[in-house]
Amino acid sequence: MERAPGHVVNVRDAPPWRGRRLVALPDLLLEAHDGGYAIVVNAASGARLKVSSGLYRILSSFRLPRTLEEAVEEAGDPRIAAGVDALLGRGLLMDADRPMPMAQPLRRAVPYRFCNAPRWAAPAAGDGFVVLGVPYDLGGPGHCRDAPMLIRQRSLDYAYLLDLDTHRPRGWFDAASGERILKGVPIADAEDVHVVYGEKQADTFARMETAMRHALGERSVPLVLGGDRSLCFVMARRLAMRQPLTVLQFAPDTTMAHGEGEVVTVRDVGRRMAALEGIVSCLTLGLRADAGAAVEAGEITVAAARARGLAETVHGAMMAKDVLLAVDVGVLDTSMPPEGNGFSLSEMRDLIDAVGRRHRIAGIGIFGLDAGGMTGGAVAGELLGIVACHLALYAMHGASCAWQGGP
Amino acid sequence: MTRPRLQLPPHGLFDWAAGEAPARRKGNIEVIGVPSDFGNAYVSGARLGPAAIRASSLGLPQPAAGGIDRGDVEVFDDADWAQIIERVRAAVVDTAEAGALPLVLGGDHAVSYAAVAALDQAGPLDIVWFDAHTDFCPLTDTGWHNHKQVLRRIAGLGHVGRMLVIGHRGLTYFDETQQWANLDVIGGGPLPESWLRSERPLYVSVDIDSLDPCIAPGTGHPVPGGLGLPALCDMLRTLARERRVMGADVMEVNPLLDHGEMTSLAAATALAALLDGMAARSPAAHRTFEGA
């Protein structure tokens with residue numbers, strides 16, 4: 001059935017579609033019609049096609065799947081057969097029983113770039129960060145698909161500027177340390193992975209992994225803006241191909257549940273990552289007190305981490321040199337006055353700093369931001385967007401310390 | 001000197017009388033609104049702050065100190081920013097020369113320059129600056145009056161003594177290194193003891209972004225991890241009780257970014273705390289506004 005554009009059909013041959021059911025594309029709209037021609041718009045692609053009135057009449061006969069004989073009385077007329085062939089060739093008709101595979105784009109454009117950093121163009125040879133949004137939230141109950149856009153939007157308050165003399169990034173001033181961080185560290189935004197809601201999770205994950213493979217240079221560190229934390233699975237699988245990897249997750253509830261089936265969820269992502277080749281260890285930090293007896297091996301509550309000391313907790317865990325740092329923003333307590341059952345932003349900064357001092361942060365994921373106001377309302381969503389920007393920049397600073405000789 | 005013309009609001013702050021200052025003004029409090037956000041090059045909307053703060057203040061109990069609301073400085077969309085500053089300065093000079101205390105409602109934080117500049121007869125004047133940012137950036141690519149470098153401009157005024165920034169935190173692409181011998185920067189309370197034991201007059205400026213965005217989301221550059229409202233009120237009350245406050249302002253309330261008047265209500269609450277502290281220091285002078 002596949003024909004090159006412009007293919008000429010010999011009407012005396014029996015066309016390959018003869019006897020098969022054909023159907024007009026479901027996304028077609030009639031934009032204009034006069035006595036001689038019709039303008040047909042493919043609403044899915046935006047493409048406009050001009051066809052003769054005769055062809056349009058044939059096309060209209062295939063609103064429902066049917067064979068040519070069922071659709072048109074003059075099915076034996078070779079001009080009709082030529083018309084059908086033309087419609088197939090122009091992609092307006094398709095085989096109803098063999099739908100064409102939809103070629104999905106790998107990534108899609110976004111209205112804002114993280115910190116207004118340059119758009120990613122090609123894998124970089126040197127050290128640097130590549131930002132990739134993944135608006136996927138079907139691995140858990142949270143509404144996180146708008147988070148990449150919200151984080152990017154809020155990040156515009158933290159603009160990525162270049163020094164006019166050196167053309168190198170100026171970085172950001174950190175009030176806590178009184179110093180500039182990320183000075184000279186390049187960042188590029190590779191936009192969003194294309195997510196089709198309703199397709200298999202494995203397909204989305206494969207697309208995300210391909211996008212990471214395309215975008216990352218050998219020494220690039222990905223900053224993934226989720227999405228829910230099930231996406232961490234893809235990051236771990238990809239990054240563990242480079243070096244043995246420890247996954248350090250900050251999450252408010254378990255990630256070590258026993259999963260069923262093939263779908264990776266926010267509750268079992270830790271257990272599934274631990275089983276991946278190249279993963280040395282998988283640690284989850286920041287479970288709330290009410291996690292109680294559900295705390296599994298490799299999981300540490302906020303209270304336990306505080307009791308032991310934040311840096312000691314991080315340093316005491318068995319870890320590979322390379323660490324994937326994944327933060328579910330639900331681990332934070334952003335309430336005022338603080339309720340105390342999550343880490344404060346300053347505690348998170350100290351924890352990330354502790355990781356960066358001893359390990360090489362190979363990837364950063366920011367997950368679990370409910371930007372839709374379903375939990376906590378619009379104020380909480382906006383606040384978490386700002387918090388996510390801070391976390392991302394702190395984590396990038398922690399990662400860049402390995403390149404720049406320590407914090 | 002001709003009194004600057006101010007536009008009367010529909011109601012005064014805390015439902016105080018709104019109008020021309022009476023003949024006897026010494027020691028009383030006079031509200032001056034500045035509906036301008038020309039000093040914030042990135043986010044507009046703070047020009048609506050004075051009206052929002054006044055509206056929210058109507059729902060609060062009357063503070064212990066009373067005053068009069070003189071209205072808003074005239075601001076035109078095509079006005080030269082320097083002229084707005086000059087009109088604010090003239091309004092504050094008029095208040096200060098009469099012995100009254102200016103309470104300025106912003107507006108963006110660059111407006112504070114005019115208020116402090118107008119108090120040059122009070123000096124040397126200490127400044128307490130509640131803010132998530134130091135506002136001390138050495139900007140070269142923007143207007144002289146910019147809210148990111150207003151404290152740097154204020155530091156250059158001859159009558160300004162020590163400066164204390166409270167609430168500084170977070171990340172910014174500006175340069176906020178501490179660059180002045182007379183500038184102290186702290187993240188939060190308590191107030192340094194040395195700042196409570198001084199006979200010098202004091203100017204208090206509150207950028208509402210010193211509060212946590214949970215409480216005050218309606219501002220141009222919110223920064224997480226900020227002060228709680230009780231903590232801010234407590235510090236304001238203490239400062240006003242312990243120090244001789246010559247003037248004060250509340251800035252950067254942006255109703256366009258606010259949620260349910262949270263931010264303007266927080267601003268009005270902070271002002272009420274400051275006024276309570278002023279009344280506690282000098283009850284007779286501030287309890288009522290004579291002639292209002």
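Keep in mind the model is a prediction, meaning the values are calculated, not measured. Both backbone and side-chain heavy atoms feed into the values below; hydrogens, waters and symmetry mates do not.
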Neighbour count above 12 (heavy atom, 6.0 Å) for A/Met149 CE: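 No.
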
Exceeds 12 heavy-atom contacts within 6.0 angstrom, atom CZ of A/Arg358: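 Counting other residues, nucleotides and ligands, CZ of A/Arg358 stays at 12 neighbours or fewer.
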
Heavy-atom closest contact (B/Gly170 atom, A/His390 atom, distance):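 Residues B/Gly170 and A/His390, closest heavy atoms: CA-NE2, 3.6 Å.
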
Atom of A/Phe173, atom of B/Phe174 and distance for their closest heavy-atom approach: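 So the two residues come closest at CB-O, 3.2 Å.
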
Hey, what do you get for [atom1] ([X]) to [atom2] ([Y]), rounding to the nearest 0.5 Å?
X: A/Arg349; Y: B/Leu171; atom1: CZ; atom2: CG; answer: 8.0 Å
X: B/Glu176; Y: A/Asp174; atom1: CD; atom2: CG; answer: 11.0 Å
X: A/Arg180; Y: B/Thr172; atom1: CZ; atom2: OG1; answer: 8.0 Å

Partners meeting ring pair (Phe, Tyr, Trp, His ring centres under 6.0 Å) with A/Trp172 (sequence neighbours left out):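 A/Trp172: no ring pair (Phe, Tyr, Trp, His ring centres under 6.0 Å) contacts found.
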
Min side-chain heavy-atom separation B/Cys214-A/Leu383 under 4.5 Å: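 Of all side-chain heavy-atom pairs linking A/Leu383 with B/Cys214, at least one is under 4.5 Å.
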
Residue-level interface, residues 159-168 of chain A with chain B, non-hydrogen cut-off under 4.5 Å: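 The list, in residue order, reads A/Ala159, A/Leu161.
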
Could you pull out every donor-acceptor pair under 3.5 Å between side chains of residues 222-240 of chain B and any protein atom, sequence neighbours left out?
unit_1, atom_1, unit_2, atom_2, d
B/Thr238, OG1, B/Asp234, O, 2.7

Atom pairs and distances, side-chain donor-acceptor, residues 328-340 of chain A, under 3.5 Å, sequence neighbours left out:
unit_1, atom_1, unit_2, atom_2, d
A/Asp328, OD1, A/Gly330, N, 2.9
A/Asp328, OD2, A/Arg229, NH1, 2.7
A/Asp333, OD1, A/Ser335, N, 3.1
A/Asp333, OD1, A/Ser335, OG, 2.5
A/Asp333, OD2, A/Glu339, N, 2.8
A/Asp333, OD2, A/Gly340, N, 2.6
A/Ser335, OG, A/Pro337, O, 3.4
A/Ser335, OG, A/Glu339, N, 3.1

